[in-house]
Structure formats: C-alpha cells, structure tokens
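Remarks on the structure that follows.
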Amino acid sequence: MTPADLAAAVLDAVRDAVEAGELHVGVPDDAVIERPRNREHGDYATNIALRLAKAAGRPPREVAESIAARLRQRQGIAAADVAGPGFLNVTLDSAAQGGLVATIAEQGADYGRTNALAGQRINLEFVSANPTGELHLAGARWAAVGDAMARLLRASGAEVGTEYYFNDAGSQVERFGRSVYAVAMGRPVDEDGYRGEYIHDIARMVLAEHPALLERPADEAVEVFTRDGIDAMFTLIKNSLERFGVHFDVFFNERDLHTSGRLEQTVQRLRESGHVYEGDGAMWLRTTDYGDDKDRVIIRRDGAPTYFAADLAYYLDKRERGFDRVVIILGADHHGYVGRMRALVCCLGEDPDVTLEIPIGQMVTAQGSVLSKRAGNVVTLDLLIDTVGADAGRYAMVRSSMDSAIDIDLDLWASRTNDNPVFYVQYAHARIASLLRNAAELGVDRGEVGAAQLALLDSEREGDLLGVLGEFPGVVTAAAELRAPHRVARYLEKLAGTYHRFYDDCRILPRGDEEPTPNAVPRLWLCEATRVVLANGLGLLGVSAPDRM
RNA sequence: GCGCCCGUAGCUCAGUGGAUAGAGCAGCUGCCUUCUAAGCAGUCGGUCGCAGGUUCGAGUCCUGCCGGGCGCACCA
C-alpha cells in the first residue's frame, strides 16, 4: 500500500461517514499523509480530522474517531488510532507494507511518475546567457536546475518545451564583434569591450574561415567578426551544455523576431491596447497602469526597439505556439525584470498570474568568489566540469534551494569521500548493484516479485526503508509543483542513508556454506526496489546511477 | 530611498500551518576473518535574527525593526 493508496482510503472513510450522516462536511479533494517522525505514532499519520473539525462543527478527536472506525475495517490496515489534538495514526499490516516493493518493482522506471500536472503545456526557458562570453557558474546553476525542473514537470505529466533564448541582436553583440576584431588586429580592446582568452579563440576561429578578412575595410570586417564570432561563441556554449548533459528543445534566435515581423506585430498590438504614448521622441508603454514603478520605453528615440519589445514578442510567440504557461528561470541579478514583464503581459490583456511565472534563483560562487584563482578568470562551466565532473557539478548546483545563495567548494565536490553528497547517493546505488550481482553468482534467484514473501519485511529497519520508498512519488510531485528540484536531491540523501542503515542491520545473502534464509528473497526485492528509486531520482536530476564505483 | 531573496547547531544547509525542529561536516567514543568501511552506531551541540500579531497550533502566515546578498537604463 502506497501513501497515495492510503490517502484514497482515508477519503473513502470520510465519504462513508458523511453518507452515514455522522459528519456534515464536503469531502476534500486530497488528504495529507505523513510519515511521522516518531514511529510510536504508527506508519502513517493524517491531520484530516483537524482540518475538517471546524467545518463539521465537532471536536477534532470525534471526527478522527469516526474516520478511524471505518479505516480499521479496511484490508491492509492493522490499526488506526486517534492521538494528540486529533491526529489519526495508521499502522499497516506487514503484507500491505511489503506490497510496496512489488509496486515499485513492477512499475520500474515509471515509479514516481504521476499525472499531477497532466494537461499543462509549459514552456520552460533557462540559461539564455548572452552569446558574448562563455557560460560561467550562474549559467551552470540554471542549466542544472532548469533541466532537472523540466524532467520533474514531465514526470508529473506536464507537456514541456525547454528553450534557450539566444540574444544575437543589439548593442552588446556589436560590442562583442568590435572586441574580436580588435584582438584579431592586435589592437587593445575598447574600455567597454570584452576581454578574456576566449575572445582570442573566437578571433582565430573566424580568421580560419576567412583568412583575408583583416585586409577588408574595417566596417565590413567587423560585420563578419560579429556574425561569425557569435556563431562560434554559440557553438562553444552548446558544446559546454552538451558536456553537462543539458539539452534544449529549442534555441530561439532573437534576430528572428526582428526579421520575421513578429516584433512589429507585437508593437502594433500594444498600440491597439491603448497603453502606448509618445514622449521625448521615443515610444513608451504605460506599465505603471499595472503596478510597475515607471513606464518603459518600447521604441527608442533612434527607432530601434528595446529588449522589452523583443521579450514581449518572444512571450507572444511562445503563447501562440500553444503553451499555456511561460516559465522563465532568472538569476537574482535580473529580478528587477519580473515586475516589468508582468506589467507588459497585462498590457497585452493577459493575466500574468495564470500565464507567466518567473522563478528567481540566487547567486552562486565557487571558493567564495565568482573568480577562479586557478584560471585568473571567471569560473566557467567548462572549468567546473573539468574540476569536479558533470555529475558532481550538476548535483552541487541542484541540491540547494534556488532561494539560497550558494558557494561551491570545488575540493569537496571533487573528492571521493562520504563528505561528498553525490558520492554518498551514487555509492548506495553501486552497493546495491554489487549485491545483486553477488546474489546471482551465489545462485540466489529472487524469482518473480509476486511470489516473494514480502510480509517478512517487518523489522524496524525494513519498515523505515519501506516508508522512505513510499514517499518518492509525493516528493516528485511536490518538487514539480513547487519548482524545487533540490527536494529530490535531499530525498535521495535520506533514502541512501536509510538504505545503508538497513544494510548494516539486515544480512541478506548467505555467508560461507550457509543456506539462504527465508528473508533473502524479500530482502533482495527490497534492495532492487531501492535501486530503482535511487536510479529514478538521480535520473530526474540528470545524474548517473553507476553500477560500480 | 524603493523592491526581491536570505538569517535555523561551531560550519554548510533541509524543513508544502501540525506531535519532542532535522541532516551532513567538524569534535568526542566505538564497529571491518562476513554481501562495496565511499558504510554504520553512540555522544556533544538550538532564545529557529529581534519584537509584536493571526491561529486550537507558527521555524513556516502578517506587520515593524536589525543584519547580509542582489537589483532599481532609450544595456541584455
């Protein structure tokens, strides 16, 4: 019996009580089922009576008793007791508890998948770093978090499109082109230009394609250095993301918004909205109508659209491609964008509470700085991968809440010790895989899960492990709904710890010449179920689940 | 000045209004002739920044204050 099954049973009990006239309340949509910290409080606890008491107009303990009486008659439930102010503590019988192992073994890679977000079409944009430089730590964090979030949303039944907005128009790009040109000519880069070793690489790459480029007039050469330089930069960025295991469904070019007429259409639509006015030679949008702290320029005095105009056109493009929710992961250094974007969306006549969502992530440093003493430069995604590997890099980025600023300890994440959380979790998986190999060598065949005596899994440590395994689908759903992938990482650490304690306490395979105990087969299935959940969870984070370490 | 985020054990951080606030690390004491010791057990450690408020119940929600981070362009 899974917690979800129990929740359904609790709601059935409420429904019965209502129909019998014992309770006068509406039957709620869901019941919160918790694993109590104190195991004397049973296998599971629910606060449903506390939540219904006020509406029922009766003391919580009486409400709880009504529900408990019906729960006790259900198969699989060994006890249902009212405790404290009105908690309902439930103990499962060991067969129902062990049955979870069969559920997990049968569902395999599907265990943890739900339809909690079924029907939602979500566009998820992340990273979207300018193509004027390499991806650094912030890009790494949003790549890891965004990719994990996409996997979580999909596992919860949503239809998800991931996108990287490639900002290949505007003044920063021109500045980049001039910088590459200056480097190629052996001249100093402008005060406001881009520096760094990668600019030299880009210059070499462009020159390799156009050997005679430096003999052309400066403005022609700059144009080529800009266009081809941006393309080369983008190739480097994509390669880095590939090494990190992050894939995007769409790389969207800002330039296309300009050339396709989408931008003009958007401006026209804004004009018709009645929120537009002229001032100082520019075209403004009255975003203060919707709570922005100042109005925003849409078309600059020189006739060029601002990036707001492009962002809005991009938003509309996503909506017209059928996405009913536009999610954009941004770093805290861009959080000022949120209020503006919401106001812009309002000006289009849409409700940002429904169609727009902008999770803000806090800053990330390594060794206390965004600079690397080793490289004498910003810490790039490539440096992170070279130093700690893609698995540890992704895990480090995704194990903390987005709301927390984090500092990556490169020595810790590169270490192969139990201080390193990703090794702790991966080790549990490898340990199980090794155990299952040994079982096969010893000729201990665990057979079909349906034939295993799973009710034998009734010791304390086995119960603890079953309880944690049962939490997984709820953790995935909560992580998806709350846009909080770190919950999966924390859960995996808890699961790994619970498994190691079980392993330490419960002998599984026979030693020496002994015969296998009756516990061997059910315990092997419990190990396999744990392995499946570890693999599924690591998969949601884009981290590998090794069979050997 | 205004806005967003953070403040929980010595350190790094979990904690979707519920029962006695948790984990890892660091410290101390133990466990390998036996399935991976990259592991486990025990112990030490807290006015959940401060002060009010809402609630049967607040680390969690509201208000104010203190401290830190990040923003507040006709750059993106």
Side-chain angles (χ1 to χ4, degrees), chain A residues 32 34 36-38 41 45 47 50-51 53-54 59-60 83-87 89 128-130 132 165 167 169-173 175 192 254 279-284 293-294 296-302 304-308 310-311 331-340 360-363 399-407 409 412 415-421 423-424 426-428 430-439 442 444 474 477-479 481-482 484 486-487 489-491 493-494 496-497 499-501 503-512 514 520 523 527 548-549:
Chain A
V32 178
E34 287 183 328
R37 191 164 290 114
N38 186 342
H41 294 150
N47 63 357
L50 288 159
R51 296 161 69 108
K54 187 168 275 185
F87 290 101
N89 295 333
S128 297
N130 282 351
T132 51
Y165 182 54
N167 215 297
S171 57
Q172 301 293 337
V173 168
R175 184 175 298 171
D192 61 352
E254 180 188 356
D280 295 336
M283 184 194 290
W284 296 72
D293 45 10
K294 57 171 291 192
R296 303 294 166 177
V297 170
I298 291 296
I299 305 291
R300 295 196 305 221
R301 202 180 324 187
D302 65 7
T306 61
Y307 68 92
F308 287 122
D311 286 341
D333 53 344
H334 287 79
H335 81 257
Y337 176 93
V338 176
R340 259 161 271 174
I360 296 297
Q362 297 301 308
M363 301 285 90
R399 103 177 263 267
S400 294
S401 161
M402 286 176 68
D403 288 339
S404 292
I406 55 172
D407 183 58
D409 180 338
L412 169 71
S415 72
R416 306 173 69 79
T417 69
N418 60 351
D419 306 359
N420 182 343
F423 278 101
Y424 183 79
Q426 288 182 316
Y427 176 68
R431 198 180 213 189
I432 296 171
S434 167
L435 182 67
L436 296 177
R437 282 193 300 271
N438 291 343
L442 288 172
V444 182
T477 303
E481 287 174 345
L482 298 169
H486 75 279
R487 283 168 179 262
R490 301 299 175 146
Y491 168 80
E493 289 167 29
K494 178 179 171 184
Y499 177 77
H500 288 311
R501 282 185 285 279
Y503 176 92
D504 190 61
D505 202 50
C506 298
R507 179 75 202 187
I508 298 154
L509 297 175
R511 24 187 143 200
E514 295 171 8
R523 282 179 177 170
C527 289
R548 294 173 200 274
M549 289 177 75

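Predicted, not measured: the structure shown is a model, and the values here were computed from it. Every chain is numbered from 1 and lettered A, B, ... according to where its sequence line falls, protein lines coming before strand lines.
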Between [N] and [M], how far is it from one [atom1] atom to the other, in whole Å?
{"N": "B/rA23", "M": "B/rA9", "atom1": "C1'", "answer": "11 Å"}
{"N": "B/rU47", "M": "B/rG42", "atom1": "P", "answer": "24 Å"}
{"N": "B/rC50", "M": "B/rU55", "atom1": "P", "answer": "23 Å"}
{"N": "B/rG7", "M": "B/rC48", "atom1": "C1'", "answer": "10 Å"}
{"N": "B/rG64", "M": "B/rC2", "atom1": "P", "answer": "10 Å"}
{"N": "B/rU54", "M": "B/rA41", "atom1": "P", "answer": "44 Å"}
{"N": "B/rG59", "M": "B/rA19", "atom1": "P", "answer": "9 Å"}
{"N": "B/rG18", "M": "B/rG1", "atom1": "C1'", "answer": "41 Å"}

Starting at atom [atom1] of [X], determine the distance to atom [atom2] of [N], rounded to an integer number of angstrom.
{"X": "A/D293", "N": "B/rG71", "atom1": "CG", "atom2": "P", "value": "16 Å"}
{"X": "A/F87", "N": "B/rU20", "atom1": "CZ", "atom2": "C1'", "value": "12 Å"}
{"X": "A/Y503", "N": "B/rA41", "atom1": "OH", "atom2": "C1'", "value": "16 Å"}
{"X": "A/K494", "N": "B/rC40", "atom1": "NZ", "atom2": "P", "value": "16 Å"}
{"X": "A/N420", "N": "B/rG39", "atom1": "CG", "atom2": "C1'", "value": "15 Å"}
{"X": "A/E34", "N": "B/rG22", "atom1": "CD", "atom2": "P", "value": "13 Å"}
{"X": "A/N438", "N": "B/rC35", "atom1": "CG", "atom2": "P", "value": "9 Å"}
{"X": "A/I299", "N": "B/rC74", "atom1": "CD1", "atom2": "C1'", "value": "10 Å"}

Nearest-nucleotide pick for [X], side chain only, options being [options]:
{"X": "A/H335", "options": "B/rC40, B/rC4, B/rC35", "answer": "B/rC4"}
{"X": "A/Y427", "options": "B/rC25, B/rU36, B/rC40", "answer": "B/rU36"}
{"X": "A/L482", "options": "B/rC70, B/rU16, B/rC74", "answer": "B/rU16"}
{"X": "A/M363", "options": "B/rC74, B/rC70, B/rU36", "answer": "B/rC70"}
{"X": "A/N167", "options": "B/rU16, B/rA76, B/rU36", "answer": "B/rA76"}
{"X": "A/D333", "options": "B/rA26, B/rC70, B/rU36", "answer": "B/rC70"}
{"X": "A/L509", "options": "B/rC74, B/rC35, B/rU16", "answer": "B/rC35"}

Do [X] side-chain atoms and [Y] backbone N/O form a donor-acceptor pair below 3.5 Å?
{"X": "A/S401", "Y": "A/D403", "result": "yes"}
{"X": "A/R416", "Y": "A/F423", "result": "no"}
{"X": "A/D302", "Y": "A/A304", "result": "yes"}

What closest approach, in Å, do [X] and [Y] show between heavy atoms, and which atom pair accounts for it?
{"X": "A/L435", "Y": "A/C527", "value": "CD2-SG, 3.5 Å"}
{"X": "A/A496", "Y": "A/Y424", "value": "CB-CE2, 3.7 Å"}
{"X": "A/R175", "Y": "A/D192", "value": "CD-O, 2.7 Å"}
{"X": "A/V297", "Y": "A/A282", "value": "CG1-CB, 4.1 Å"}
{"X": "A/R523", "Y": "A/R507", "value": "NH1-O, 2.8 Å"}

What does [X] touch in the nucleic acid at a heavy-atom separation under 4.0 angstrom: a base, only the sugar-phosphate, or nothing?
{"X": "A/K294", "answer": "sugar-phosphate"}
{"X": "A/R507", "answer": "base"}
{"X": "A/D280", "answer": "base"}
{"X": "A/A45", "answer": "base"}
{"X": "A/R523", "answer": "nothing"}
{"X": "A/G84", "answer": "nothing"}
{"X": "A/Y424", "answer": "sugar-phosphate"}
{"X": "A/L50", "answer": "base"}
{"X": "A/C527", "answer": "nothing"}
{"X": "A/I360", "answer": "nothing"}

Item to check | 5' precedence on RNA chain B between A/P305 and A/G474 (nearest-nucleotide basis) | outcome: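 Checking each residue's closest nucleotide, the 5'-ward one belongs to A/G474.
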Checklist entry - 5'-most contact on RNA chain B: A/A496 or A/D419, nearest heavy atom basis? => result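 Result: A/D419.
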Checklist entry - Counting heavy atoms not belonging to A/R51, are there more than 12 under 6.0 Å from its CZ? => result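 Atom CZ in A/R51 is not crowded, with 12 or fewer foreign heavy atoms closer than 6.0 Å.
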If the cut-off is 4.0 Å, is [X] near the phosphate of [N], judged by side-chain N/O to OP1 or OP2?
{"X": "A/N47", "N": "B/rG17", "value": "no"}
{"X": "A/K54", "N": "B/rG17", "value": "no"}
{"X": "A/Y499", "N": "B/rA38", "value": "no"}
{"X": "A/R501", "N": "B/rA41", "value": "yes"}

Does the side chain of [X] reach to within under 4.5 Å of the side chain of [Y], using non-hydrogen atoms?
{"X": "A/R490", "Y": "A/S400", "result": "yes"}
{"X": "A/R487", "Y": "A/L482", "result": "yes"}
{"X": "A/N167", "Y": "A/Y307", "result": "no"}

Item to check | Base-paired stems in RNA chain B, each at least three Watson-Crick or G-U pairs under 3.5 Å | outcome: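 Paired runs of 3+ in RNA chain B: B:1-7 with B:66-72, B:10-13 with B:22-25, B:27-31 with B:39-43, B:49-53 with B:61-65.
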Next on the checklist: With rounding to the nearest 0.5 angstrom, report the NE2 to CG distance, A/H41 to A/N89.
Outcome noted: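 Separation between the atoms: 6.0 Å.
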Next on the checklist: Nearest 0.5 Å, please: how far is CD in A/E514 from CG in A/L509?
Outcome noted: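 Nearest 0.5 Å value for the CG-CD distance: 11.0 Å.
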Item to check | Under 4.0 Å protein heavy-atom contact, by nucleotide of nucleotides 10-15 of chain B - B base, S sugar-phosphate only | outcome: ---SSS
Checklist entry - Is the base of B/rC50 syn or anti, if syn means a glycosidic angle within 90° of 0? => result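 The base of B/rC50 is oriented anti (glycosidic angle more than 90° from 0).
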State whether the distance check finds a donor on one side and an acceptor on the other, under 3.5 Å, for side chain [X] versus base [N].
{"X": "A/N89", "N": "B/rA19", "value": "yes"}
{"X": "A/Y307", "N": "B/rA76", "value": "yes"}
{"X": "A/Q172", "N": "B/rC75", "value": "yes"}

Next on the checklist: Between the base of B/rG71 and the ring of A/H334 - centre-to-centre under 5.5 Å, planes within under 30° - is that a stack?
Outcome noted: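 The ring of A/H334 is not stacked on B/rG71.
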